[in-house]
Amino acid sequence: MNAYALGKPASARQAWKKLQVQDWEPAGGEMAMRLQSCLPKFAVLLAIAALLGTGSAALAQHDHASHTGMEMPVDGAPAARRAARWSDPAAWPDGRVPRAGDAVTIARDVDMTLDVSPPALRSLTVQGALRFADDRDLNLTTEWIYVAGGELEIGTEARPYTHNATITLTDEVKGEDINTMGDRGIILLRGTLSLHGNRSHSWSKLAVTAAAGATAIEVLDASGWHVGDEIVLASTDFDPRQAERRTITAVRGNTLHFAEPLEYMHFGEITFGVDERGEVANLTRNIRIEASEDASESYFGGHIMAMAGSRLFVDGVELNRMGQHLTLARYPIHWHLLGEGQGQYVRNSSIHDTFNRCVTVHGTNNLRVENNVTYNTVGHCFFMEDGIETGNAFIRNVAIQTKCHPTLDCVPTNLAANGERDASFADAAAYRQASFHGGNTLLPSDNTVASFWITNPDNSYIDNVAAGSDQVGFWFSIPEHPNGAFLDTEISRNTWPRRTPLRAFRGNVAHSNFDGFLIDRHIDHDNTFGLASIPLLPLTDPTDLESEVMETH
């Protein structure tokens, strides 16, 4: 098909005009994204600064500064789209169905149904709509998918997808940068991604202790789990690496059978009123987004990134070999400076074997992250980026085996009673240098990795489980003022995360981590941390240290 080309960059004046809006109706028109609060308006202005290359020096250190020259897609859907089917030659401008290696574009006026599994594509740009037919299993393989003002849909909230759908992201052409949003991804600019699978039962608990050597376990609830599903038993030991993955060979009620015996004991009892039953997560979903197998060697996985004017609705999806190691802004799920995110979500999904975080919320408010499971992931997993983000709800998520690096040990800066400094370092300064600036983690704090990295208390964390991090389960590492993209801005100077009460933090569990819960060692603007700061101190007037202290309920 016709290759997609970015064309000439918009001028600074054109970029400003396209972004200078109060009510923004993304393509599709179902719901306006109204930029009502000061943060959403600031996020748009910040995006303009990034587009025009006028950000401060500090901006260049963070994950949005590479968007200079970004071309904005046309705003809004056409009055009508013509329906088409991928397998129909007449649906395509040149009268033939796309072939292997083609760069395919779905035009703005086309509503395309994918009714066949095409050969591996060079790329796919969706300016109109692309919807997966739900009458057969489908596979789509491509280097990247750019949703530019359009829609990509596999199932809807009202009608979840019932067959199996797999999107595989390849990397035959190295080093591409698709409209400044990188390579090997599903990337959205004023676009909508709607992925709704038919699996919602993400995890359960052991009903009884599973002994080492066992080939069956009993869980509290195995409803909806099937032969062939992959499950993970969380560690119930001090060692987080005792998590074990198995494939179900038989399901009899709530008893799951598998072929390979367990190597470790997994505890499944309530002791003295404390529920210590180990978690069992199901990693299998009928919608699967993954990088091709070479990512297991390169650690350069796929990513999903939603930028200005975009909307993300992800439910019942499996993400495998995602995230790009040591690369800013390339995460399995990433909301990037959207401002208002009300109504958007990732839920009932599994994120496993990733190379750079799990879910990243950056400059976006009021999202819902619920009932997801993660396993064998690298870097802070559920990640709140700059400390400006508020109103987001993290509910009933389970993080299993959070690591600092795909293969290397952590070099943590923990201030434990006896420390855990590597004896090969002669002094504390050398150890700190290796931990913060050794170059093996994305940010200095990732060497003291946390399953839940929390930079603003004004978010909700309810019934989550940190079930085995190499370092920290839940970490409130709170900047005095928001940093990163917001460093030294007016909205940052007027925002005081350390002096803000917790919105909600209850029912959370941490086990099999070095540190289960931290509420100190606050992050600095250079992403290092230490103890030389005021701890969380909610005040009625955050600008006045003498004002009344607020109680967190």
Side-chain angles (χ1 to χ4, degrees), residues 62-64 66 142-145 166-171 174-178 181-188 193 195 232 245 281 283 285 287-307 312 314 317-336 346 349-362 364 369 372-385 397-408 410 439-447 449-453 469-471 484 527:
H62 296 274
D63 68 14
H64 60 283
S66 61
T142 181
E143 296 272 312
W144 44 263
I145 301 174
T166 301
I167 295 177
T168 302
L169 300 168
T170 55
D171 189 36
K174 309 293 184 184
E176 295 184 277
D177 191 18
I178 311 309
M181 289 183 282
D183 195 4
R184 202 178 206 174
I186 301 175
I187 51 181
L188 297 91
L193 181 65
L195 305 176
V232 171
R245 172 164 33 190
L283 302 180
R285 304 292 187 273
I287 298 176
R288 186 179 175 98
I289 312 295
E290 62 184 9
S292 50
E293 291 185 3
D294 58 282
S296 296
E297 301 297 326
S298 67
Y299 310 135
F300 186 80
H303 74 108
I304 297 175
M305 184 179 188
M307 287 195 64
L312 256 183
V314 177
V317 175
E318 179 180 349
L319 302 176
N320 177 37
R321 295 190 292 264
M322 300 288 281
Q324 297 171 3
H325 188 48
L326 299 179
T327 307
L328 287 167
R330 306 294 180 254
Y331 314 122
I333 294 280
H334 179 197
W335 280 277
H336 182 81
V346 54
S349 296
S350 77
I351 305 172
H352 62 89
D353 301 292
T354 70
F355 315 117
N356 196 7
R357 313 213 183 289
C358 305
V359 176
T360 293
V361 178
H362 186 194
T364 307
V369 181
N372 304 289
V373 294
T374 70
Y375 168 65
N376 194 35
T377 64
V378 172
H380 300 314
C381 183
F382 292 98
F383 183 71
M384 302 287 281
E385 188 151 342
N397 303 286
V398 177
I400 301 173
Q401 197 169 291
T402 306
K403 306 187 298 187
C404 297
H405 187 276
T407 59
L408 302 178
C410 298
N440 291 321
T441 58
L442 184 64
L443 300 179
S445 60
D446 282 307
N447 247 332
V449 70
S451 292
F452 294 85
W453 169 263
S469 168
D470 279 354
Q471 288 300 302
N527 292 298

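Start at 1 with the first residue, then count along the sequence. Note that the structure is a prediction, hence the values are computed from the model and not measured. Every heavy atom of this structure was used, including side-chain atoms; hydrogens, water molecules and symmetry mates were not.
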Residues two or more places apart in sequence or in another chain: which of them pass side-chain hydrogen bond (donor to acceptor under 3.5 Å, both in side chains) with S349? none
Under the side-chain hydrogen bond (donor to acceptor under 3.5 Å, both in side chains) test, residues paired with E143 that sit two or more places apart: T170
Quick one, T377 and R357 - any side-chain contact, counting heavy atoms below 4.5 Å? no
When you compare the side chain of N356 with that of L326, does any pair of heavy atoms fall below 4.5 Å? no
Residues passing the salt bridge (Lys or Arg N to Asp or Glu O under 4.0 Å) test with R285, sequence neighbours excluded, are none
Stepwise side-chain contact (heavy atoms from CB on, under 4.5 Å) test for V373 and I400: CA-CA 8 Å; V373 294; I400 301 173; 6.0 Å; no
Out of N397, I333, V398, which residue meets the side-chain contact (heavy atoms from CB on, under 4.5 Å) rule with N372? N397
What pairs with T441 under side-chain contact (heavy atoms from CB on, under 4.5 Å), at least two apart in sequence or on another chain? D446, N447
pair T360-W335: side-chain heavy atoms closer than 4.5 Å: no
So W453 and H380, would you call those rings parallel, tilted or perpendicular, with 30° and 60° as cut-offs? parallel
Once you round to the nearest 0.5 Å, how far does CE of M181 lie from CD of E176? 13.0 Å
Distance-only donor-acceptor check, side chains R184 and S292, under 3.5 Å: yes
Counting C-beta onward and ignoring hydrogens, is there a side-chain heavy-atom pair between I167 and L169 closer than 4.5 Å? yes
Keeping the roles fixed (side chain from S469, backbone from V449), state whether a donor-acceptor pair exists under 3.5 Å. yes
Short side-chain donor-acceptor distance under 3.5 Å, H352 and E318: yes
Once side-chain contact (heavy atoms from CB on, under 4.5 Å) is applied, do any residues pair with N440, and if so which ones, sequence neighbours excluded? H405, L408
Once salt bridge (Lys or Arg N to Asp or Glu O under 4.0 Å) is applied, do any residues pair with D353, and if so which ones, sequence neighbours excluded? R245
Would you give the length of the straight line joining atom CD of E385 to atom NE2 of H362, rounded to the nearest 0.5 angstrom? 4.0 Å
So do the side chains of D177 and D183 get within less than 4.5 Å of each other, counting heavy atoms only? no
Using the side chain to side chain donor-acceptor pair (under 3.5 Å) rule, take N376 and Q401 through it: C-alpha gap first, then chi angles, then the decisive distance, then the call. CA-CA 5 Å; N376 194 35; Q401 197 169 291; 3.1 Å; yes
Are the side chain of S350 and the backbone of L283 linked by a donor-acceptor contact shorter than 3.5 Å? yes
Test item: L442 and L328 side chains (from C-beta on) under 4.5 Å apart, heavy atoms: yes
Heavy-atom nearest pair, A329 first then H303, reads O-ND1, 4.1 Å
Can you measure from CZ (R321) to OG (S296) and round to the nearest 0.5 angstrom? 5.0 Å
Would you please classify the geometry between the Y331 ring and the H334 ring as parallel, tilted or perpendicular, with 30° and 60° separating the classes? perpendicular
Exercise: identify the closest heavy-atom pair between F382 and F452: CD1-CE2, 3.5 Å
Between V317 and I289, is there a side-chain heavy-atom distance shorter than 4.5 Å? yes
Should T166 and E290 count as side-chain neighbours, where that means a heavy-atom distance under 4.5 Å? yes
Compare every heavy atom of A291 with every heavy atom of M322, then report the nearest pair and how far apart it is. SD-N, 4.3 Å
